Asker: 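Sharing a structure with you now.
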Amino acid sequence: MKILNARLHNFRNHSETSFDFAARMNVLLGENGQGKTNALEALSFFCLTKSFYASADATVLMRDREFFEIDGMLESDNGKEFSLRVAYDNAQKSKKFTINNADAEKFSSVIGMFPVVVLSPENNKVTFGAPNDRRKFIDLVISQSSRAYMEDILEYRRVVRQRNTILTEAQGKECGALLTPWNEMLILRGARVIQKRNQFIREFTPYIADTYLRIVGEKETPKIEYAPSVPIEAETTVEEIQSRLAQKLARKYNDELRFRTSLAGPHRDEVLLSLNGMQLKHFASQGQHKTYLVALKVAEFFYLKERCNETPVFLLDDVFSELDENRSQKLLSLVESLGQTFITATGEKMFGGVHWNKQRRKFFIKDGAVVNEAMAA
Amino acid sequence: MIYTSETIEQLIEEFAQLPSIGRKTAQRLAMHLLKMPREEVVKFAKAMVDVKDKVRYCSVCFNITESDPCSICSSQKRNRKTICVVEEPNDVIAVEKTHEFNGLYHVLGGALSPLDGIGPEDLKVKELLSRLNDDIDEIILALNPNVEGETTTLYLAKLLKPLSIKTTRIARGLPIGSDLEFADEATLTRALEGRVAL
């Protein structure tokens with residue numbers, strides 16, 4: 001899939017900016033704080049119905065404005081065109097997403113239609129951060145490739161919130177009877193989430209090994225392992241996961257009363273990343289972290305491409321600043337070969353070997369607008 | 001915004017309190033009322049007051065009614081052996097529209113949702129249990145297919161089990177007239193789960 005063009009209105013510092021994108025590589029150049037990342041962020045709305053940075057829609061609204069609007073044309077791999085529009089009204093706190101002038105009745109129905117892979121400094125948390133950051137990463141990949149999983153994980157999260165409300169309000173007192181129906185629901189949805197994550201990690205492993213080899217080109221062996229909150233093996237059935245979850249819930253009941261929060265279930269899962277058999281978060285260098293993250297993201301690209309039957313667009317936000325020259329060039333030529341890419345950078349040095357033409361275009365961003373090269377300087 | 005009439009402003013405020021009505025719509029409605037003939041407005045106002053005065057909840061099924069028990073509960077033409085359990089009075093209307101169900105109803109008044117402060121005590125569950133006797137053959141659980149509805153279904157199913165009354169739930173799945181190939185994965189998955197033997 002490709003994004004042919006986009007228009008941003010009242011979006012962060014873009015009051016009215018239009019882009020005609022190139023089919024392969026689009027480089028957004030400019031100094032800090034000019035609005036390069038904001039443009040990428042707007043593109044992510046087409047694919048995810050929301051920003052990859054901000055959690056609330058209101059935060060991307062330009063200051064003192066009532067509403068923002070993003071529209072654009074997308075073209076799928078088979079040549080079909082889609083006109084997309086996202087509009088947010090701050091007074092009503094309402095967001096509308098339309099595809100070919102028809103309202104998308106559920107935002108979740110859009111996820112996965114136009115797959116996207118985002119690589120931004122925000123993603124550094126995937127290798128550096130807490131288990132929650134890794135769960136978020138795999139949840140987004142699986143959600144883009146499986147509607148059923150997305151429904152399950154959304155419902156699961158809701159169950160946990162409901163359960164936590166009971167545990168909070170019980171203030172440490174007995175509340176087993178109130179929890180019982182929610183326990184059943186947690187077990188049903190939780191078991192499906194665990195099974196799907198388990199399956200995903202197994203499917204994803206070869207992709208990460210392959211991309212790592214392509215980027216690093218040397219003998220560093222990455223491994224991604226699933227450490228679910230209940231022990232499982234490759235062939236554990238959903239029913240078996242259910243009964244293990246039930247046992248764990250029963251065991252954790254007293255602790256849950258004490259801590260006033262849900263302690264058993266896939267919201268406590270961990271995904272372990274290792275390199276040459278050693279845990280990444282404990283020993284890897286900054287550059288290795290970054291390389292690992294890039295490999296995860298390129299693997300995500302190939303995974304989604306195969307699962308969604310649609311080539312994802314690749315958004316790379318300020319990626320090259322932390323990689324050495326050699327790895328940067330390798331990454332650039334790798335992403336070049338993937339599909340349509342959108343890259344932000346402060347300098348042009350990296351792109352010295354690129355021939356700018358219909359396939360590869362650069363945009364100079366200054367003060368929330370696209371300007372010509374002379375003005376940008 | 002400043003109006004030359006405080007009364008109009010008051011009316012706009014009142015309209016804006018209603019669900020899915022913003023200030024602009026409220027303003028349009030208020031201006032429209034101003035243009036309507038007086039008797040029409042009085043009729044409208046009376047209808048609103050009547051709804052508060054005359055409509056109450058049926059003491060048997062907790063559906064909305066003007067006579068207690070409601071017309072469904074007191075009808076001798078209905079099959080009194082089956083009870084369809086729903087969340088809200090609106091759901092009764094939806095099921096009635098099908099003309100396929102001739103039994104009785106029980107309106108719970110919502111679904112379990114601790115986030116909204118709704119626990120088992122807040123639903124008409126005890127009232128449902130007290131209605132059950134040897135004459136009842138089947139209880140159909142027709143709650144919404146969301147997390148809260150499903151959880152409430154599980155809760156009720158467990159509660160009803162010891163009574164050994166046949167308990168069923170409505171099927172979830174594909175809308176009529178849709179094509180299997182265009183069905184989204186999530187719906188299809190649920191439909192597969194709820195498959196029935198032929």
Side-chain angles (χ1 to χ4, degrees), chain A residues 66 89-94 104-106 108-113 142-170 175-192 195-196 238 260 262 307-308, chain B residues 1 16 18-27 108 110-123 125-126 141 143-162 169 172-175 178 181-194:
Chain A
E66 301 281 308
D89 182 333
N90 199 38
Q92 311 264 352
K93 300 271 174 240
S94 73
E105 74 275 26
K106 264 172 97 180
S108 60
S109 68
V110 180
I111 314 283
M113 263 181 96
I142 314 174
S143 290
Q144 286 201 76
S145 63
S146 161
R147 274 287 303 279
Y149 180 78
M150 188 170 48
E151 298 287 337
D152 282 341
I153 190 73
L154 290 176
E155 290 195 358
Y156 178 78
R157 286 181 191 153
R158 177 105 185 142
V159 172
V160 172
R161 282 180 61 209
Q162 294 278 22
R163 253 187 125 252
N164 287 349
T165 308
I166 296 176
L167 288 164
T168 313
E169 283 172 2
C175 58
L178 287 176
L179 285 177
T180 307
W182 295 100
N183 289 351
E184 284 188 52
M185 201 62 184
L186 182 138
I187 290 164
L188 287 174
R189 292 295 176 270
R192 283 216 294 246
Q195 195 207 30
K196 196 79 191 229
V238 174
R260 300 176 187 187
S262 298
R307 299 281 147 172
C308 303
Chain B
M1 220 176 288
L18 299 175
S20 79
I21 304 238
R23 278 205 64 92
K24 271 186 186 157
T25 311
Q27 189 181 329
L108 289 172
L112 293 176
S113 179
L115 283 165
D116 301 306
I118 303 176
E121 298 297 307
D122 304 296
L123 303 176
V125 174
K126 264 193 290 202
L141 301 176
L143 309 187
N144 288 325
N146 54 26
V147 170
E148 290 74 22
E150 302 259 315
T151 306
T152 311
T153 301
L154 291 172
Y155 171 73
L156 292 175
K158 202 162 205 173
L159 219 54
L160 296 169
K161 198 153 197 193
R169 62 177 299 165
R172 302 164 300 176
L174 301 168
S178 65
E181 62 168 322
F182 296 127
D184 76 78
E185 228 184 301
T187 308
L188 205 50
T189 307
R190 299 284 159 88
L192 274 171
E193 277 176 3

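Order of the sequence lines sets the chain letters (A, B, ...), proteins ahead of strands, with each chain counted from 1. As the structure is a prediction and not an experimental result, all values here were calculated from the model. Atoms considered below: every heavy atom in the structure, side chains included; atoms not considered: hydrogens, waters and symmetry mates.
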Asker: Tell me, for A:Thr168 versus chain B, whether the close heavy atoms (under 4.5 Å) come from the side chain, the backbone, both or neither.
Answerer: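 Neither part, no heavy atoms under 4.5 Å.
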Asker: Looking at every non-hydrogen atom in both residues, tell me the closest pair between A:Glu155 and B:Pro145 and how far apart they are.
Answerer: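 Looking at all heavy atoms of both residues, the closest pair is OE2-O, 4.5 Å.
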Asker: Can you find a pair of side-chain heavy atoms, one from A:Gln162 and one from B:Leu112, that are under 4.5 Å apart?
Answerer: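 When only atoms from C-beta onward are counted, B:Leu112 and A:Gln162 do not touch, as no gap falls below 4.5 Å.
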Asker: Working to the nearest 0.5 angstrom, can you tell me the gap between B:Asp116 CG and A:Thr165 OG1?
Answerer: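 Here the interatomic distance stands at 9.0 Å.
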Asker: Can you tell which part of A:Arg163 gets under 4.5 Å to a heavy atom of chain B, answering side chain, backbone, both or neither?
Answerer: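 When you check distances to chain B, no heavy atom of A:Arg163 falls under 4.5 Å.
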Asker: Ignoring hydrogens, what is the shortest heavy-atom contact between B:Leu154 and A:Pro181? Give both atom names and the distance.
Answerer: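 Answer, listing the atom of B:Leu154 first, then A:Pro181: CD1-O, 4.3 Å.
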Asker: What part of A:Arg157 lies closer than 4.5 angstrom to a heavy atom of chain B: side chain, backbone, both or neither?
Answerer: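 Neither part.
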Asker: Atom CZ of A:Arg161 and atom OG of B:Ser113: how far apart are they, to the nearest 0.5 Å?
Answerer: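 It comes to 9.0 Å.
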Asker: Measure A:Leu154 against the heavy atoms of chain B and call it side chain, backbone, both or neither at under 4.5 Å.
Answerer: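 Looking at A:Leu154, nothing touches chain B.
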Asker: Quick one: what part of A:Ile166 sits under 4.5 Å from any heavy atom of chain B, side chain, backbone, both or neither?
Answerer: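 Its backbone and side chain both get close to chain B.
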Asker: Do you know which two heavy atoms are closest between B:Pro114 and A:Trp182, and how far apart they sit?
Answerer: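 Smallest interatomic distance, heavy atoms only, reads CD-CZ2, 3.4 Å.
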Asker: Give the C-alpha distance, both sets of side-chain angles, the deciding distance and a yes or no for side-chain hydrogen bond (donor to acceptor under 3.5 Å, both in side chains) between A:Glu184 and B:Thr151.
Answerer: CA-CA 8 Å; A:Glu184 284 188 52; B:Thr151 306; over 6 Å; no
Asker: Less than 4.5 Å to any heavy atom of chain A: does that hold for the side chain of B:Glu121, its backbone, both, or neither?
Answerer: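 Neither the backbone nor the side chain of B:Glu121 comes within 4.5 Å of chain A.
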